[in-house]
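Small disclaimer: the values here were computed from a predicted structure and weren't measured.
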Amino acid sequence: MAKATALVLTLAFLTSCGGPEVWIPQGNSRPAVTREHVQYLDSPPQRPYRVIGIITPPSREYETLAEAVKAIRKEAAKHGADAVYVESQVTFRAKAIVWEPSSSPSPLTSSATKPMFPTAKAVPGKPGYVFSPFDMKGRYIDVRGYPPGSKAKDPWTDKIFIVP
């Protein structure tokens with residue numbers, strides 16, 4: 001009996017020390033997509049969506065947010081996500097989401113409304129500089145002279161974002 005108990009405790013210890021789950025399903029996955037298809041959002045989106053999974057890379061695996069986001073987008077792409085947003089930058093916990101169909105025309109295709117653009121994230125301690133929502137290398141963009149809410153172009157991807 002003591003051997004069986006010791007075996008159970010050893011197995012429990014070994015399986016619990018493997019690090020946190022990378023993918024925690026929250027709904028049905030879809031067919032895989034490319035990592036480039038998966039958008040990175042710096043906050044929960046305003047349009048309707050459904051969470052299909054939670055992604056928690058192993059702690060201390062990534063030194064920068066850009067490295068973590070790249071890995072998170074890659075994992076989300078395996079499950080067919082449309083976008084991800086980071087809930088916690090301390091543990092890089094993110095939600096993988098898919099867009100819900102809406103009864104109104106899409107803002108990206110309707111000529112009556114303006115397209116939606118993601119908002120850049122300010123670089124802490126560097127006023128006038130932002131992290132592009134499209135550049136996963138963590139490079140800074142100088143937006144001095146752009147008023148908050150205005151549009152700017154990422155010089156590396158040529159995509160438009162909103163200045164915070």
Side-chain angles (χ1 to χ4, degrees), residues 18-124 129-141 143 146-164:
E21 296 285 330
V22 173
W23 175 260
I24 304 168
Q26 300 292 305
N28 294 331
S29 292
R30 299 186 318 178
V33 295
T34 64
R35 185 184 77 215
E36 292 75 23
H37 171 85
V38 180
Q39 296 175 315
Y40 168 68
L41 309 170
D42 59 358
S43 62
Q46 300 301 312
R47 66 189 269 198
Y49 66 93
R50 178 173 44 89
V51 176
I52 61 169
I54 306 229
I55 303 167
T56 57
S59 59
R60 297 186 194 100
E61 180 83 15
Y62 304 104
E63 293 182 18
T64 67
L65 177 61
E67 289 176 4
V69 167
K70 183 176 180 181
I72 287 168
R73 287 175 64 211
K74 182 178 179 181
E75 183 64 29
K78 292 178 188 176
H79 301 278
D82 290 320
V84 294
Y85 65 91
V86 175
E87 284 187 310
S88 168
Q89 290 186 14
V90 175
T91 60
F92 297 124
R93 176 186 163 104
K95 286 191 175 180
I97 62 173
V98 293
W99 302 124
E100 290 284 358
S102 66
S103 57
S104 61
S106 166
L108 298 176
T109 59
S110 171
S111 60
T113 60
K114 295 180 184 176
M116 292 176 24
F117 298 103
T119 302
K121 191 164 200 128
V123 175
Y129 289 85
V130 298
F131 293 111
S132 166
F134 307 109
D135 178 43
M136 295 304 121
K137 294 182 180 176
R139 297 177 284 195
Y140 301 164
I141 298 174
V143 293
Y146 288 84
S150 65
K151 295 177 184 134
K153 185 188 276 190
D154 180 320
W156 296 284
T157 65
D158 289 331
K159 293 181 180 178
I160 304 296
F161 63 87
I162 303 296
V163 176

To the nearest 0.5 Å, what is the distance between [atom1] on [X] and [atom2] on [Y]?
X	Y	atom1	atom2	answer
Arg73	Glu36	CZ	CD	6.5 Å
Ile97	Gln26	CD1	CD	13.0 Å
Lys151	Ile160	NZ	CD1	8.0 Å

Any idea which heavy atoms bring [X] and [Y] closest together, and the distance?
X	Y	value
Ile55	Ile72	CD1-O, 3.5 Å
Asn28	Ile52	O-CG2, 3.4 Å
Phe131	Pro124	CE1-CD, 4.0 Å
Ala152	Val163	CB-CG2, 3.9 Å
Ala96	Val84	CA-CG1, 3.9 Å

Just so I know, are the side chains of [X] and [Y] near enough to count as touching, which here means a heavy-atom distance under 4.5 Å?
X	Y	value
Ile141	Pro155	yes
Ile162	Ser150	no
Tyr140	Ser132	no

Discussion item. Applying side chain to side chain donor-acceptor pair (under 3.5 Å), can you list everything that pairs with Tyr85, at least two apart in sequence or on another chain?
Written reply: Tyr49
Item to complete: Just jot down the ring-ring contact (aromatic ring centres under 6.0 Å, His included) partners of Phe161, sequence neighbours excluded, or say none.
Response: none
Worksheet item: Who pairs with Tyr129 by ring-ring contact (aromatic ring centres under 6.0 Å, His included), at least two apart in sequence or on another chain?
Response: none
Discussion item. If the condition is side-chain contact (heavy atoms from CB on, under 4.5 Å), which residues does Pro25 pass it with, not counting sequence neighbours?
Written reply: Trp23
Item to complete: For Arg35, check salt bridge (Lys or Arg N to Asp or Glu O under 4.0 Å) against everything at least two apart and list the hits.
Response: none
Worksheet entry | Within 6.0 Å of OH in Tyr146, more than 12 heavy atoms from elsewhere | no
Worksheet item: Distance-only, no hydrogens or angles: does the Asp154 side chain make a donor-acceptor pair with backbone N or O of Asp158 under 3.5 Å?
Response: no
Do any side-chain atoms of residues 76-83 form donor-acceptor pairs under 3.5 angstrom with protein atoms, and if so which ones, sequence neighbours left out?
from  : atom 1 : to    : atom 2 : distance (Å)
Lys78 : NZ     : Glu75 : OE1    : 3.3
His79 : ND1    : Ser29 : OG     : 3.3
His79 : NE2    : Glu75 : OE2    : 3.2
Asp82 : OD1    : Arg30 : NH2    : 2.8
Asp82 : OD1    : His37 : NE2    : 2.9
Asp82 : OD2    : Arg30 : NH2    : 3.2
Asp82 : OD2    : Trp99 : N      : 2.9

